[in-house]
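Here is the structure we will look at.
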Amino acid sequence: MNKTYKVQWTSNAKEDLLNIVEYMKENSPSIAKEIYQKIKTKANSSNFFPLRGRVVPELQKEGITMYRELIASPWRIMYKVDSDTIYIMAVFDSRQNVEELLLQKLIRSSILTKKSSQ
């Protein structure tokens, strides 16, 4: 019997998904809804076989192997597995520069953390 994992979306990943849907909704609300369902369904499918996703190649070349991804073309769903939970970390367009995108998210996260601790 396969272990079932909980899927937990981080606030960062929720924001990513919301931004994608909002952007797509400008052109077509029905397509935006389809995209939302496509990404959510693909992300939730990870709870059965979380290691089936590939290690994020751009991070792997830097020696970081804890993050995996699923593809819901053209979007990449980045996640990490922790005992019984899968954390959806980010959702981004595969045409984006991943290194730059992750750096921006790290900087934004550290600024928010610094503000909240003041």
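- For the pair Trp75 and Gln96, the minimum side-chain heavy-atom distance is 4.5 Å or more.
- Side-chain contact check for Lys33 versus Ser30: every heavy-atom pair is 4.5 Å or farther apart.
- In this structure, Val55 is not a member of the same hydrophobic cluster as Tyr79, with clusters built from ILVMFWY side-chain heavy atoms closer than 4.5 Å.
- Between Val91 and Trp9, the closest side-chain pair of non-hydrogen atoms falls below 4.5 Å.
- Here NZ of Lys25 is found 8.0 Å from CG of Leu18. Values are rounded to the nearest 0.5 Å.
- With hydrogens and angles disregarded, a donor-acceptor distance shorter than 3.5 Å links the side chain of Lys38 to the backbone of Ser73.
- In terms of modelled atom types and a separation under 3.5 Å, the side chain of Gln37 and the main chain of Glu34 share no donor-acceptor contact.
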Apply side chain to side chain contact (heavy atoms under 4.5 Å, CB included) to Val81 and Met66, showing your working. CA-CA 8 Å; Val81 180; Met66 66 191 300; over 6 Å; no
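- With rounding to the nearest 0.5 Å, the separation of CG in Leu17 from CD in Glu22 is 10.0 Å.
- In this structure, Ala90 and Ala13 approach most closely via the heavy-atom pair N-CB, 3.8 Å.
- Remark: the backbone N or O of Gly53 is paired with a side-chain donor or acceptor of Arg68 at under 3.5 angstrom.
- Within the 4.5 Å cutoff, side-chain heavy atoms of Ile77 are placed close to those of Ile88.
- A donor-acceptor pair is defined here as one N or O able to donate and one able to accept, closer than 3.5 Å; no such pair exists between the side chain of Tyr23 and the backbone of Ala32.
- Side chain of Ser94 to backbone of Pro74: a donor-acceptor contact under 3.5 angstrom is found.
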Determine, stepwise, if the pair Asp84 / Lys6 fulfils side chain to side chain contact (heavy atoms under 4.5 Å, CB included). CA-CA 6 Å; Asp84 66 345; Lys6 293 181 280 187; 3.8 Å; yes
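- The CD1 atom of Ile86 lies 8.5 Å from the CG atom of Leu51; values are rounded to the nearest 0.5 Å.
- Here Ile71 contributes atom CD1 and Lys42 contributes atom NZ; the two are 8.5 Å apart, rounded to the nearest 0.5 Å.
- Salt bridge present: Glu58 and Arg76 bring a charged side-chain N and a carboxylate O closer than 4.0 Å.
- Closest approach of Thr10 and Met89 over heavy atoms only: OG1-O, 3.4 Å.
- Taking CG from Asn44 and CG from Leu70, the interatomic distance works out to 10.5 Å, rounded to the nearest 0.5 Å.
- Looking only at side-chain heavy atoms (C-beta outward), Thr85 and Tyr5 stay at 4.5 Å or farther from each other.
- Counting only heavy atoms from C-beta outward, the side chains of Ser45 and Arg52 approach each other to under 4.5 Å.
- Separation of atoms CE (Met24) and CD1 (Ile35) is listed at 3.5 Å; rounding is to 0.5 Å.
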